Number of protein chains: 2
Amino acid sequence: MEMVLEKQVKALSERTLRRLPRYIEILKRLKSEKIEFASSNMIADELGLDSIQVRKDLAATGVIGKPKLGFAIDELIFGIKHTLNWDNQTDAFLVGAGSLGSAILGYKTFSDHGLNIIAAFENEPSKVGEIINHITVLPIEKLSDMAYRMKVHIGVITVPADEAQKVADMMIEGGIKAIWNFAPVHLKVPDFVIVENAQLSHSLGVLTHKLAESLK
Amino acid sequence: MEMVLEKQVKALSERTLRRLPRYIEILKRLKSEKIEFASSNMIADELGLDSIQVRKDLAATGVIGKPKLGFAIDELIFGIKHTLNWDNQTDAFLVGAGSLGSAILGYKTFSDHGLNIIAAFENEPSKVGEIINHITVLPIEKLSDMAYRMKVHIGVITVPADEAQKVADMMIEGGIKAIWNFAPVHLKVPDFVIVENAQLSHSLGVLTHKLAESLK
DNA sequence: TTTTTATCGATATAAATATATCGATAAAAT
DNA sequence: ATTTTATCGATATATTTATATCGATAAAAA
């Protein structure tokens, strides 16, 4: 088979991707102060980063700055959102309507972040039928079939550790392509499925370690 | 069981720190299967990592492996927990008893991760006095003073964005040394204060971007 | 006991990421 | 209109992180 070379879109590193939402935060604040242009230096200062790094990150969004002025804020916010695909909403299912799951269902702001949770699923019969933030909790048995029929591409897992792999398998069976995993387990999935882990313990470990070091 | 841990030779990178909890997860599972030794290869395979990287990460904990056998699982779990300071519990205050705050208060497992949340605080008078998972919700006004008197070193922020900086300031006034920040804002704090950000949007951005790329 | 083997851990190399340098540019000042 | 200035963005360098190589070692097999 012959390789077709497309114009190489500058690949974004994961670290850059994680900084982009922070830039949006700063830019929105500057915008609310009626500022129209932001330089890489302003942004870097606000976040305690290096301005060269900010410029490099922003270069990956394709937005072009102006000498002496910096970046047009509106355009830059738009460009970052586009890069993150936050200017579209992708339908998602959430499984596990416990306290964390409910908290996530309660967030209205995910729609600004490209995520549209349209249904929740549960094992526990007593929770089925509940409505959380206008989202109905359905029985887990329906997950695969509904995901397939509704062409849902994102799954959010907020079940306990010992149920997570099973839930992931059901999601994949239903054609889900990306999993946002809050359960403290490593999910085994086929190569074509994207898993983004959001375990609180990972971040907590960094905190407790650094604190202990600093108190030495 | 006696365990002598070598003094830590090298500073741990943040990326290593974030992998350590994942090793614990695998090791506990292997242990539950009555396995006593784990090689770097076994661990790496389970997590889809490189065995050399696992060995390097584990070297940073000071635990020594045995040729042909690998690492003694009990000793290794202990060593990793020690490195993360998860063998001690540090008292913490949480501010913001909304849905995410309540979810965090509900986690019983944080005590296995070095965190002991002993009180929660709120702005909203209607929430003050509530008891969530045996933890009382107190008025925010008491935060600084109580933190100082009780020598609390960790603060967890789960308030909305526009209140977070104010809460951080109060925490620092009360002598808190490390902040686990879930609010979507960059906190400005003195150098001696550690901030670990746990914003969901950062992780979500990686997911939505990768999914969009994969569907191209 | 001797040999074979799997795995460690030290050192070396490669890749990714961050930081520095500097000419080009357009806005603002002169 | 000309000069000065701040900032960009391309390229170069440094640093950090990940991966490869290989001798040393202790367990298991012969």
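Predicted model only: the values in this text are computed from it and were never measured. Computed over heavy atoms, backbone and side chain alike; hydrogens, waters and symmetry mates excluded. In what follows, chains are A, B, ... by sequence order, proteins preceding strands, each numbered from 1.
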_Taking K210(A) first and then E14(B), would you say they form a salt bridge - that is, a charged N and a carboxylate O separated by under 4.0 Å?_
yes
*Using a cut-off of 4.0 Å on non-hydrogen atoms, how would the nucleic acid contact of S51(A) be classed: base, sugar-phosphate, or nothing?*
nothing
*asked:* Between the side chains of E213(A) and K216(A), is the shortest nitrogen-to-carboxylate-oxygen separation below 4.0 Å, so that they form an ion pair?
replied: yes
*Have R22(B) and H186(A) got a donor and an acceptor in their side chains that come within less than 3.5 Å?*
yes
*asked:* Can you measure L12(A) atom CG to dT17(C) atom C1' for me and round it to whole angstrom units?
replied: 13 Å
*F121(B): what forms a ring-ring contact (aromatic ring centres under 6.0 Å, His included) with it, not counting sequence neighbours?*
F93(B)
_Summary of protein contacts for nucleotides 17-26 of chain D, nucleotide by nucleotide, where a base hit scores B, a sugar-phosphate-only hit scores S (4.0 Å, heavy atoms)_ = SBBBB---BS
*Provide, to the nearest angstrom, the distance between the CG atom belonging to D45(A) and the P atom belonging to dA6(D).*
15 Å
*Report yes if the side chains of R18(A) and V206(B) come closer than 4.5 Å at any heavy-atom pair, otherwise no.*
yes
*In whole angstrom, give the distance that lies between atom CZ of R18(A) and atom C1' of dA18(C).*
18 Å
*Kindly say whether L204(A) contributes a backbone atom to a donor-acceptor pair with the side chain of T208(A) at under 3.5 angstrom?*
yes
_Length of the line joining F71(A):CZ and dA27(C):C1', which is rounded to integer Å_ = 16 Å
*For dG23(D), the Watson-Crick or wobble partner whose two distances fall under 3.5 Å*: dC8(C)
